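Values below: all heavy atoms of this structure, side chains included; hydrogens, waters and symmetry mates excluded. These numbers come from a predicted model, not from an experiment. In what follows, chains are A, B, ... by sequence order, proteins preceding strands, each numbered from 1.
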Amino acid sequence: MYRPYHPPADPIVVRDLTQQQEEMRTRVRIEPLHAEPTFIAGCDSSFPTPETILSVFVLLRYPTLELVEKVYHVGPVTVPYVPGFLAFREAPNLLKAYEKLQQKPDVIMVDGHGIAHKRRMGIAAHLGVLLDTPTFGVAKSLLTGKFEDPAPRPAAGRRCSTKAN
DNA sequence: GCGACAG
DNA sequence: ATCTTGTCGC
């Protein structure tokens, strides 16, 4: 498969960002949700032009998933993409979009990995710490580590248990 | 030294 | 991430 070329990252900067992640990882909490969520958000960023970042947040009511709010923020790209440091490139702009939400979510789905990261500080964990809000990563490809394919989900309408679930 | 490398 | 052409599976 085609692999993009990543410009060499400034080692001194990488060292500093790594240090920031090492500090932030101590603030990551892994625990179950304290209550059933009422609102769940999803966020992602795109790049209309190489120097422009567009971040979006959608707020959905849970569990119906009806769209409640949709906000975005457009800003300049100031950081290059460096594997392992995606958050420093996208989180700042995502935060600006987040601030525009009238209603804050109980949990957030984030594009990219969470703790499936070399220092357990993928962008989802990064945002979770900064917003002090539960988050989880939704990535489309592997960054690091190994995993086993999950068992296929049962077809709708025919659940295993007969009891309420 | 050589690959791998979220988005 | 983004762009673009070609191929594959249902």
Peer 1: Centroid distance below 5.5 Å plus an interplanar angle below 30 degrees: do A:Tyr81 and C:dA1 meet both conditions?
Peer 2: no

Peer 1: From CG of A:Asp111 over to P of C:dT2, roughly how many Å is that when rounded to an integer?
Peer 2: 11 Å

Peer 1: CG of A:Leu94 versus C1' of B:dA6: gap in Å, rounded?
Peer 2: 13 Å

Peer 1: With a 4.0 Å cut-off on heavy atoms, is A:Gly84 in touch with a base, just the backbone sugar-phosphate, or nothing at all?
Peer 2: base

Peer 1: Can you tell me how far C1' of B:dA6 sits from NE2 of A:His126, to the nearest Å?
Peer 2: 14 Å

Peer 1: Rounded to whole angstrom units, what separation is found between the NZ atom of A:Lys146 and the C1' atom of B:dC5?
Peer 2: 16 Å

Peer 1: Taking only N and O in the side chain of A:Lys140, is any of them less than 4.0 Å away from OP1 or OP2 of B:dG7?
Peer 2: yes

Peer 1: Ignoring the backbone of A:Glu90, work out which of B:dA6, C:dT2, B:dG7 is nearest its side chain.
Peer 2: B:dG7

Peer 1: Quick one: A:Met121 CE to B:dA6 C1', roughly how many Å, whole number?
Peer 2: 14 Å

Peer 1: Any donor-acceptor pair under 3.5 Å linking the side chain of A:Gln21 with the backbone of A:Gly84?
Peer 2: yes

Peer 1: Which listed nucleotide (B:dC5, B:dG7, C:dT2) is nearest to the side chain of A:Ser46?
Peer 2: C:dT2

Peer 1: Measuring only between side-chain heavy atoms, which start at C-beta, is A:His113 closer than 4.5 Å to A:Ile123?
Peer 2: no

Peer 1: Taking the side chain of A:Arg89 as heavy atoms from C-beta outward, which of B:dC5, B:dG7, C:dA1 is closest to it?
Peer 2: B:dG7

Peer 1: Rounding to a whole Å, what distance do you find between A:Arg119:CZ and B:dC5:P?
Peer 2: 16 Å

Peer 1: Counting N and O atoms only, with roles assigned by atom type, does the side chain of A:Asp111 sit under 3.5 Å from a partner on the main chain of A:Ala139, one being a donor and the other an acceptor?
Peer 2: no

Peer 1: For A:Ile53, report the nucleic acid contact type (base, sugar-phosphate, nothing); a contact means any heavy atom under 4.0 Å.
Peer 2: nothing

Peer 1: What distance do A:Leu130 atom CG and A:Thr135 atom OG1 have between them, rounded to the nearest 0.5 Å?
Peer 2: 10.0 Å

Peer 1: How close or far is atom P of B:dG7 from atom CG of A:Leu54, stated in whole angstroms?
Peer 2: 17 Å

Peer 1: Distance check, rounded to the nearest 0.5 Å: A:Glu66 atom CD versus A:Leu59 atom CG?
Peer 2: 10.0 Å

Peer 1: Under 4.0 Å from OP1 or OP2 of B:dC5: is there any side-chain N or O of A:Ser141 that close?
Peer 2: no

Peer 1: Categorize A:Phe85 for me: base, sugar-phosphate, or nothing, with a 4.0 angstrom heavy-atom threshold over every strand shown.
Peer 2: base

Peer 1: Could you tell me how far apart A:Leu143 (CG) and B:dA6 (C1') are, to the nearest whole angstrom?
Peer 2: 5 Å

